[in-house]
Amino acid sequence: WSSKETGLTAEAKPLAAPELWRQIKRPDSQGNTEVHLQWKALNKSKANGIILGYRIRSEKRTDHTVIQEDNTTSLNYSLLLTDEAYVLTVVAYNSAGDSPEAILIVPAINDTDSPSVQYLNVTSQNNRLLTQWKSPIWPDNGYIIEWCLFLDTNPCAGPLHWQHEENTTEMAYLHGDFEPFVRYNISVYAVFNEGPGNPLSTLAYLQQSYPAEGPAVTHKIMGTEALLKWQEIPLEKRRGFITNYTIFYKSAVDENAVPLKPNVFEYTLKTLQKSTEYSVYVMASTVKGGKNSSLIFFKTNGNEQEKIVMIVVPVVLCLLLLMIGVLACFNNQRRVKKCFWPEVADPAGSSMAEWLQKHQTKNAHVLNIPNPANEFISEFSTVEDLCLSQKDMCLSLHTAVMDGSPTLSSPQESITDGTEMDSLLPPADLVVYTVLEESYKSQVPANSVLPEQPISSTVQETNTGDQVSGQNTDDGEDDNWWQPNTDENDLLQQIIKDNPYLNNSSNVTGLQNELGPDGSINSEFDTSSQVDMIMPEDTGTLDQNQ
């Protein structure tokens, strides 16, 4: 035999286009979408030589405007596209030429009317994943099956794997390195000339086992009931699909189990025995077995419901009685008012009031001094006590000019007999004083104290045996120097004449001048006259002997 010789034929253009697929990310805040292109290398029989690189071109599907062209030697490429539809092409080239174009249409973001596969099932056979599907429409360009890891935080984590199947089949084994106890997200697309349809996805395990840990259970006791709650086992710890949860609880006398669906995460145990201790645990199960939670102990309450009834019933009864009482009072307003607020007779209408009024009228003698001027204006008040020693009579003269009219008033306007007046008489010394509100008080020294006198005018009658002798009530004669029929103006003139203090007062003197011949007040009385009592050489002290 001769020696062996090795040689290469000339290169030719690649026979087939590379298998092309994409992974579309979610749009960003500006509406742009990242598209990650992936393709597979050609085998030697289709490459017809050494592949030097790949040309990528993107253009709008509507007007075929070329957006981007680029070359790469890797098997993936990323583009940033808007929300419009695009046509993406990838060409493999060698020294002899270019391969046919691999065309992929990226639909617009709002395009959701693409047909999809209607049925999908993935099972584990002979340590391989068998995928079966059904499509209502025969796709033009076959099917794309893709898979990735499924995690709690990301439904498609890790690298994206995919394979292309012809449109003549509806089942295929997945080619890849799958790990046991790991969940995969598997999707199938029907690819048409207008682009791929919407995917249909499912979850699958190459191999399952019982969970690595049981659920964490909490409980709450409510009388003879117990509320149990638990969280899902972390996905990495499940190691398979949870088929059901089972609650096991037992007491000293019996044991029970409650199976639950895999999507139920709380349950209330009812009809438990009163004041009974129980132990509870929850088991999470897969097709390969189950895992128990930690054991929980609790004791039911004995009289919880009875306590609630004992509290609620009296409160309801009290409210009911209160409502009945309020309605009864509302319907019997007059009777209730008569019972709690009885009518009190008016004392003014009694016979005693009528008798007292007649008795006072019979013994009362009122001294009225005419008003010198209705338009008299002043801002002070004068109180004078006039004690007429020669008549044994004390007169309290009050001149109050607040609204322009001096008045002579008396809270005790009656002349009683001498026996009753003995206790009311002032001391024997005669005291005459005047209290002014503003102007007169300013003339009194700070250390002087003026006696307070009620603002009143009272004619008091007294019997003094030293000055009027031979007269007493036993004779039946009148001890009073003033008779009821005496003219009031004459009485005023007599008082002014007999009292030296009033004689020195300019205001009272002015009042005398205004009295007419018949003792009446002159109508042309000067409104600017003052009625304050001006004491001669007033130093702020009062001489009781004056």
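Predicted model, so just to flag it, every value in this text is computed and none were measured.
Looking only at side-chain heavy atoms (C-beta outward), Val217 and Val280 stay at 4.5 Å or farther from each other. Counting heavy atoms from C-beta on, the side chains of Tyr245 and Met283 never come closer than 4.5 Å. You'll find the side chain of Trp147 reaches within 4.5 Å of the side chain of Leu174, heavy atoms only. Within the 4.5 Å cutoff, the side chain of Ile233 has heavy atoms near those of the Glu213 side chain. At a threshold of 4.5 Å between non-hydrogen side-chain atoms, the residues Asn121 and Thr123 count as touching. Side chains of Glu146 and Tyr189 form a contact here, defined as non-hydrogen atoms less than 4.5 Å apart. Side-chain contact between Glu225 and Met222: present, with at least one pair of heavy atoms (C-beta onward) separated by less than 4.5 Å. Using a 4.5 Å heavy-atom threshold, the side chains of Val282 and Asn292 count as separate.
Of all heavy-atom pairs between Gln118 and Leu200, the closest is C-CD2, 3.6 Å.
For CD of Gln273, the number of neighbouring non-hydrogen atoms (other residues, nucleotides, ligands) closer than 6.0 Å is 12 at most. Residue Glu255 qualifies as enclosed at atom CD: its count of foreign heavy atoms under 6.0 Å is above 12. In the displayed structure, Ile50 atom CD1 is contacted under 6.0 Å by at most 12 heavy atoms of other residues, nucleotides or ligands. The number of heavy atoms from other shown groups lying within 6.0 Å of CG (Asp63) is above 12. Crowding of Tyr210 atom OH: a count of heavy atoms from other residues, nucleotides or ligands under 6.0 Å not exceeding 12.
The six-membered or imidazole ring of Tyr205 lies near that of Phe241, with a centre-to-centre distance under 6.0 Å. Side-chain rings of Tyr184 and Phe178 approach one another, their centers coming within less than 6.0 Å.
Side-chain contact check for Tyr143 and Glu166: no donor-acceptor pair (N or O, by modelled atom type) lies under 3.5 Å. Donor-acceptor pairing under 3.5 Å is recorded for the side chains of Tyr77 and Asp70. Under the 3.5 Å distance criterion, with hydrogens and angles disregarded, no donor-acceptor pair is assigned to the side chains of Tyr86 and Arg61.
Rounding to the nearest 0.5 Å gives a distance of 11.5 Å between CG of Leu206 and CD of Gln125. Taking CH2 of Trp21 as the reference point, atom CD of Gln38 lies at 10.5 Å (rounded to 0.5 Å). Going from atom CG of Asn76 over to atom CD1 of Ile56 covers 9.5 Å, rounded to the nearest 0.5 Å. Rounding to the nearest 0.5 Å places CZ of Phe265 at 10.5 Å from CG of Leu260. With values rounded to the nearest 0.5 angstrom, Leu120 atom CG is found 8.0 Å from Ser187 atom OG.
Salt-bridge check for Arg57 with Glu59: passed, with a basic side-chain N closer than 4.0 Å to an acidic carboxylate O. Salt bridge status for Lys60 with Glu84: present, with a side-chain N to carboxylate O gap under 4.0 Å.
One N or O on the side chain of Thr276 and one on the backbone of Lys274 form a donor-acceptor pair closer than 3.5 Å. No donor-acceptor pair closer than 3.5 Å links the side chain of Asn185 to the backbone N or O of Phe150. Side chain of Arg55 to backbone of Val91: no donor-acceptor contact under 3.5 angstrom is found.
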(request) Take Arg26 and Glu34 through the test salt bridge (Lys or Arg N to Asp or Glu O under 4.0 Å) and record every step on the way to the result. (result) CA-CA 7 Å; Arg26 292 183 178 179; Glu34 182 182 358; over 6 Å; no
(message) ring-ring contact (aromatic ring centres under 6.0 Å, His included), that's the test. Do Tyr54 and Tyr93 meet it? Break it down for me.
(response) CA-CA 6 Å; Tyr54 303 90; Tyr93 62 92; 7.5 Å; no
(request) Please assess Asp98 against Lys13 for the test salt bridge (Lys or Arg N to Asp or Glu O under 4.0 Å), listing each intermediate value before the final yes or no. (result) CA-CA 6 Å; Asp98 297 339; Lys13 294 180 180 180; over 6 Å; no
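A cation-pi geometry, defined here as NZ or CZ lying under 6.0 Å from the six-membered ring centre and within 45° of its normal, holds between Lys40 and Trp162.
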